[in-house]
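Quick note on labels: first sequence line is chain A, next is B, and so on, each numbered from 1.
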Amino acid sequence: MLAQNKVFALVDCNSFYVSCERVFRPDLAQKPVGVLSNNDGIIVAASAELKALHIGRGTPAFKIKHLLKKYDIHLFSSNYALYGDMSARVMRSLEKFTPNLEVYSIDEAFLELTGINCPNWQQYGQKIKASVEKWTGIPVSVGIASTKTLAKLANTVAKRYKKFNGVFNLVAHPKFKQVLQSIPTPKIWGIGRRYAEKLQRYGIHDAWQLSQCEDKWIEKMTTITGLRLVKELRGISCIDLELDIMPRKNIVSSKSFGKLVTDLSKLKHAVSQYTTRAVEKLRQQNSLAYQIMVFIQTNRFRQEAQYANYRSARLETPSAYTPDFVKIANKMLTEIFRPGYNYQKAGVMISDIISHKYAPLDLFAPCYLDDERKTLADFSDRINDKFGRDTIQLASSGVEQDWKMRREQLSPRYTTCWNELPVVQS
DNA sequence: TCTGGGGTCCTAGGACCC
DNA sequence: TCTGGGGTCCTAGGACCC
């Protein structure tokens, strides 16, 4: 039996965070709009109108403050409760088109359409696009091709030219070569700045040239990952859809402070809270972990004494009990803390994670799953789930918490909080 | 004053063992 | 004195993604 040619679609929400905000603020439809990172630090999502002003992803908010009035720019603090909820709605809409759906990120999904008897993929893509927009209010772009990498590429074409109305199909495209020639290497999924520079030195500037590279050579240049990518550009599908949601292998919780921190006690509060958050995520995915790492750092942009350090430790038996980790984290923090610096950021990383199904039996040390620690953790998770995050929290997280991040432009939680539902004016 | 946060995979090189 | 060679495991660093 011949291998069936595969068909993938990549559906990508346009300026996703901005589009989420606009669903509830239709008055901002044609205006320059941006969404800020934590601490209102940098732009993480920019509308087309904002990009047209040469203000894109990564621009520090303070650098454009003087332009806000002049161009009628609207900025929002990031509102992940809203974006997560909108994302789930988009994904549910996409599920109507295929059971083979990979949620690739908060604003992107791959659909495998192999086997669907469709005479016109362009039309099918338009149908997907129109449906998602109708059901959720979020505009999307659709790229269709025979591999995931080419579907990504088709998606950038769909976004680039207005005439395609947000959908581009590369399956059996008569100008396949020209399309690939129009894509510069850094735009290719899997080629970042470093590899793009490296390839440029050998005269490789676009996707077509890359697809023509010799296997051995490209593997030497970009490892096995790059070779796989090149094969995908040639239309040979090497990256399958990932349908299973795999548990995280690392869980990080870290944040910049709303204002610089100098004393250990406040750092401890922050680290306690980040650890709490990370271990909550660990429990959510039914895992236990052995390892925790703590780090602190000063602000590298400031002209002043710099310090950064980290330390990690291993638990004797794996756990998902917050105090087990907080105790060690604070001990390590004390060890790496040096007085006299302005700290800007702290964080923890939990690693060496296993499923609770594989928790080792230890005759001499009590297992987290078997003792009262689990009961306590489950109880506080249920309370916090019902009454809101941090309803129950450790005393070590502090009460004052003046180091917490700034979110001065926060939009209401339109979809996730009863008190903040949008009001229809009559 | 003000510059994000959270992930994955691959490889080279060192430590250690036989 | 001569100082081998193969295997595994671990980690740090580099690359990428959203």
Name the orientation class of the two ring planes belonging to A:Tyr343 and A:Tyr307 (parallel below 30°, tilted from 30 to 60°, perpendicular beyond 60°).
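It falls in the perpendicular class, over 60°.
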5′-ward residue of the pair A:Asn299/A:Arg228 relative to DNA chain B:
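Closer to the 5' end of DNA chain B: A:Asn299.
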Tell me which residues in residues 234-255 of chain A put a heavy atom below 4.0 Å from DNA chain B, sorted by number, or none.
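Going residue by residue through residues 234-255 of chain A, the ones with a heavy atom under 4.0 Å of DNA chain B turn out to be A:Arg248, A:Lys249, A:Asn250, A:Ile251, A:Val252, A:Ser253, A:Ser254, A:Lys255.
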Those residues of residues 51-69 of chain A lying under 4.0 Å from DNA chain B by at least one heavy atom
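Within this stretch, A:Arg57, A:Pro60, A:Phe62, A:Lys65 sit under 4.0 Å of the strand.
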Hey, where does DNA chain B pair up into stems, meaning at least three consecutive Watson-Crick or G-U pairs with distances under 3.5 Å?
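When the pairs of DNA chain B are grouped into runs of at least three, the stems are B:5-18 with C:5-18.
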Would you list the atom pairs, donor with acceptor, under 3.5 Å between side chains in residues 186-199 of chain A and any protein atom, with sequence neighbours excluded?
residue: A:Trp189; atom: NE1; partner: A:Tyr104; partner atom: OH; Å: 3.2
residue: A:Lys198; atom: NZ; partner: A:Met221; partner atom: O; Å: 3.0

State which residue, out of A:Lys327, A:Arg277, A:Glu280, A:Arg283, fulfils the side-chain hydrogen bond (donor to acceptor under 3.5 Å, both in side chains) condition with A:Thr322.
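Of all the options given, the one that passes is A:Arg283.
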Give one of base, sugar-phosphate or nothing for [X], where a contact means two heavy atoms less than 4.0 Å apart.
{"X": "A:Ile188", "value": "sugar-phosphate"}
{"X": "A:Lys220", "value": "nothing"}
{"X": "A:Lys198", "value": "nothing"}

Write down the protein N/O and nucleotide N/O pairs, taken from nucleotides 11-13 of chain B, whose separation is under 3.5 Å; answer none if there are no such pairs.
none

C1' atom, B:dC2 versus C:dC18: distance in rounded Å?
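Their C1' atoms lie roughly 25 Å apart.
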What I want to check is whether the side chains of A:Tyr83 and A:Asp85 have a donor and an acceptor closer together than 3.5 Å.
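No, no side-chain donor-acceptor contact under 3.5 Å.
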Validate the cation-pi geometry between A:Lys255 and A:Tyr274: distance from NZ or CZ to the six-membered ring centre under 6.0 Å, angle to the ring axis within 45°.
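Because its charged atom sits under 6.0 Å from the ring centre and within 45° of the axis, A:Lys255 does stack over A:Tyr274.
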Salt bridge (charged side-chain N to carboxylate O under 4.0 Å, His left out): which pairs involve residues 46-66 of chain A, sequence neighbours left out?
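Qualifying pairs: A:Arg22-A:Glu49.
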